[in-house]
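What follows is a set of notes on a single structure, which appears directly below.
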Amino acid sequence: MSTSVAPEVPPGTIDDTGRLDGASKLRIFSVLAVIVLFTEVAPMQYVMVSAALRQIAPTFPSHGANINWAIIIFGVVGAATSPVIGKLSDIVGKKRMFLVCGVLFMIGCAICAITSNWMLFLIGRGLQATAIATAVISYGLIRDLMPRKLVPVGLGIASTGLGVSALAGPLIGGWIVENHSWRAIFWFLFAFTVVMIPLVIAIVPESKLRVPQKLDLVGAVLLGAGLVLTLIYLDNGQQWGWSKPSSLAWLIGGIIFLALFPIVEMRVKQPIMDMKLLFTPRVSVLLFIALLASFMIGYQSYATGYMTQSPPSAEVVEQVKTATWDQVKAGALQQAQAQAEAQAKAALPPGVELPPGAVVVPPEAVYSQLPPNMVDVQLNPGYSYGDGFSLLKFATHITLAQSLIAMAFGFLGGLWIRRSGGRQPLVFALVIFVGAAIAYGATSHGWGMQALISAVFGIAFGLYYAATPNLMVEAVPAEQQGISAGMLGVMQAMGAAVGLAVATAFLNANPVKADVTVMGAPTVTKEIPMLFADKGYEISFYVIAATSAIALIGAIIMRAGRTPATGGTAF
């Protein structure tokens, strides 16, 4: 006669969470699938809305470059609210906050779909940003509900999704952008959430775990305000000027609030996060790695999308030549018209005025006098990328393979982590981060090479996002799961913002210019907007490789994650 022994739970660990230990595999994986599908709305909307910015802009013509706030505000608000929502999920219930985020996202979608007022549109985007916190909550739900042995795999799947955002985001988003109004994107996202909310209600049980405390409002305000001000500076510093006092005021204010946060938290009875836990190596080193690794994650998607969707250099030369030629013809026609009118006036008797429109010079007569090939255009410096892809073509040629590979390795990474812990997959992922960044900078910049590098990067992307939430689950007690996952999300958002800001500075320092000469006249140099020399991208990727290498060193020396993952029974 044999007896089975339940896995030992360390003393003091809360394990009465409603875990599905006796449920069927169908029940367990149905719960996991609904949780993961619900979280995919955030990455899916990011791809779709980013793609639609050119179509959204004409609806708000007075805001120009500020149209980027349609993207910026999503990241800023999402990063600032995720820790607070994560903490609330520990206090009032994870499923409950899951549904609250879904309802707020739906309201935001509806506002964005119907409004033509810029401020209302930004309010809608801010409400949508709460969807970012669903990933934070999902880590806690999976920890609380999945059988222990399935927690690492579940977190790996949750981190990279089930392919809905990987497929629907690029393909449906690209199709909507090319064939319908931008408002259709928000109605699609609204409908997706309408379908998912009843599934969450019906299939996903609530975690029984509750943290018996009140929300630390002072800590929440300090953390949220500090993150908002800092992220606004990082996202807009390049445009505003990094060193301008009006720009630095945002950064200084953010730093002051963030500096006050741990001071206040160490003095309150029920802090939003235990500061001793935050500064332990198993947490602080992971947050440091997440910050630096996210430089690569934020910049890679931006750079590959921008490079492949830029027009070829020959096309740019022809556009500049055509525009200059049109200016030359218009000037010649205006000059010929003025001369003809002067001659006609001189032939009139004194006191007689020339009627308006009495003299019309045929454009063809003027243009035929102009010598051919009188405009010469040379790009200085030139650039070797630029495939002229549409968004849909970029999706099918670049992002689709990367996303699907990442999804597969998120699952495989979970299996690896269950067997050996999160450190090995994280180290492997960061090695690829470094190699991919160097390859992007050193090799051909055509779409074929970028597609190959991006596919390999998909392996690292899946492993990285499988490892980091598992390492956090292993590092903190269950009652700190929501806020800890929120802090991990904050560091990843800040890393992406900082990486993009630093890389953009190098790009702006290396613009593509056109040297334009008209019939031997002195050469005029014109900067081509939104095009950057190869050197700008190459330097940016080498800097990103260096930050990834520092993160790799941190992962190599970290002590956590060296034993098989327990699903949160030890930390």
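Basis for what follows: all heavy atoms, side chains included, without hydrogens, waters or symmetry-related copies. Fair warning: this is a prediction, and the values are worked out from it, not measured in the lab.
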Q | Separation of L150 CG from K25 NZ (nearest 0.5 Å) | A | 8.5 Å
Q) Quick one: does T566's side chain get under 4.5 Å of R148's, heavy atoms only? A) no
Sequence neighbours excluded and cut-off under 3.5 Å, please list the side-chain donor-acceptor pairs for residues 132-139, or say none.
| from | atom 1 | to | atom 2 | distance (Å) |
| --- | --- | --- | --- | --- |
| T134 | OG1 | A131 | O | 2.5 |
| S138 | OG | A135 | O | 2.7 |

Q | Atom pair CD1/OG of I289 and S294 - distance to nearest 0.5 Å | A | 11.0 Å
(Q) Would you compute the distance between atom OG1 of T304 and atom CZ of F389 and round it to the nearest 0.5 angstrom? (A) 11.0 Å
**Q.** Expected output: side-chain E474 to main-chain N470 donor-acceptor under 3.5 Å
**A.** no
Q | Main-chain N/O of V473 paired to R143 side chain as donor or acceptor, under 3.5 Å | A | yes
Q. Do you know the tightest heavy-atom contact between S284 and F279?
A. OG-O, 3.7 Å
Q | Over all atoms of both residues, closest heavy-atom pair of A290 and L488 | A | CB-CD1, 3.7 Å
Q. Taking all atoms of both residues into account, what is the closest heavy-atom pair of Q450 and H445, and its distance?
A. NE2-O, 3.0 Å
Q) Does M472 reach the side chain of L287, with side-chain heavy atoms less than 4.5 Å apart? A) yes
Cut-off 3.5 Å, no hydrogens considered: what does the side-chain donor-acceptor table look like for residues 27-39, sequence neighbours left out?
| from | atom 1 | to | atom 2 | distance (Å) |
| --- | --- | --- | --- | --- |
| R27 | NH1 | I203 | O | 2.7 |
| S30 | OG | L26 | O | 2.6 |
| T39 | OG1 | V36 | O | 2.7 |

Q: Might you work through the side-chain contact (heavy atoms from CB on, under 4.5 Å) test for I172 and M44, ending with a clear yes or no?
A: CA-CA 10 Å; I172 296 179; M44 183 163 56; over 6 Å; no
**Q.** Flag side-chain contact, heavy atom, 4.5 Å: R419 against P152
**A.** no
Q) Under the side-chain contact (heavy atoms from CB on, under 4.5 Å) criterion, do V49 and F186 qualify, and how do the steps go? A) CA-CA 9 Å; V49 177; F186 293 101; 4.0 Å; yes
Q | Atom pair CD1 (I459) and CZ (F409), whose distance is rounded to the nearest 0.5 Å | A | 4.5 Å
Q | Any pair counted as side chain to side chain donor-acceptor pair (under 3.5 Å), so long as it reaches residues 456-469, sequence neighbours left out | A | Y464-Q492
Q) Can Q300 and Q402 be counted as having a side-chain donor-acceptor contact under 3.5 angstrom? A) yes
Q. Under the side-chain contact (heavy atoms from CB on, under 4.5 Å) criterion, do V103 and I197 qualify, and how do the steps go?
A. CA-CA 8 Å; V103 171; I197 284 179; 4.2 Å; yes
Side-chain donor/acceptor pairs under 3.5 Å, residues 423-434, sequence neighbours excluded:
| from | atom 1 | to | atom 2 | distance (Å) |
| --- | --- | --- | --- | --- |
| R423 | NE | A555 | O | 3.3 |
| R423 | NE | I556 | O | 3.4 |
| R423 | NH2 | I556 | O | 2.9 |
| Q424 | OE1 | W416 | NE1 | 3.2 |

(Q) Checking D534 against S384: is there a side-chain donor and acceptor pair closer than 3.5 Å? (A) yes
Q) Side chain of R19, backbone of P147: donor and acceptor closer than 3.5 Å? A) no
(Q) Do Y299 and S540 have side chains that approach each other closer than 4.5 Å (heavy atoms only, starting at C-beta)? (A) yes
Q. Between atom CZ of R282 and atom CG of L277, what is the distance when rounded to the nearest 0.5 Å?
A. 5.5 Å
Q.
With no hydrogens and no angle check, just 3.5 Å: does a side-chain donor-acceptor pair link Y385 and S444?
A. no
Q) Any side-chain heavy atom of L127 within less than 4.5 Å of one from C109? A) no
Q: Measure the acute angle between the ring planes of H397 and W447, then classify it against the limits of 30° and 60° as parallel, tilted or perpendicular.
A: perpendicular
(Q) Show the nearest heavy-atom pair for residues I142 and G154, with the distance to one decimal. (A) CD1-O, 3.6 Å
Q: Work out which heavy atom in P205 is nearest to a heavy atom in L20; give both atom names and the distance.
A: CG-CD2, 4.3 Å
Q: With the side chain counted from C-beta on, respond yes when Y440 and E538 share a heavy-atom pair under 4.5 Å apart, and no when they do not.
A: no
Q. F532 vs Y306 aromatic rings, parallel, tilted or perpendicular, using cut-offs 30° and 60°?
A. tilted
Q: Kindly indicate whether the side chain of F192, heavy atoms from C-beta on, has any atom under 4.5 Å from the side chain of L189.
A: no
**Q.** Chi angles and distances behind the side-chain contact (heavy atoms from CB on, under 4.5 Å) call for L507, Y302
**A.** CA-CA 12 Å; L507 293 178; Y302 169 85; 3.9 Å; yes
Q) Does I557 have any side chain to side chain contact (heavy atoms under 4.5 Å, CB included) partners at least two apart in sequence or in another chain, and if so, which? A) none
Q: Provide the full list of salt bridge (Lys or Arg N to Asp or Glu O under 4.0 Å) pairs with a residue in residues 94-105, sequence neighbours left out, each pair given once.
A: D90-K94, K94-D144
Q.
Please give me the minimum heavy-atom distance between Q128 and R125, naming the atom from each residue.
A. OE1-NH1, 2.9 Å
Q.
Measuring from atom CE of M275 to atom CZ of F261, what distance do you get when rounded to the nearest 0.5 angstrom?
A. 4.0 Å
(Q) Main chain of L227, side chain of T230: is a donor-acceptor contact present, judged purely on distance under 3.5 Å? (A) no
Q: Kindly indicate whether the side chain of F188, heavy atoms from C-beta on, has any atom under 4.5 Å from the side chain of Q45.
A: no
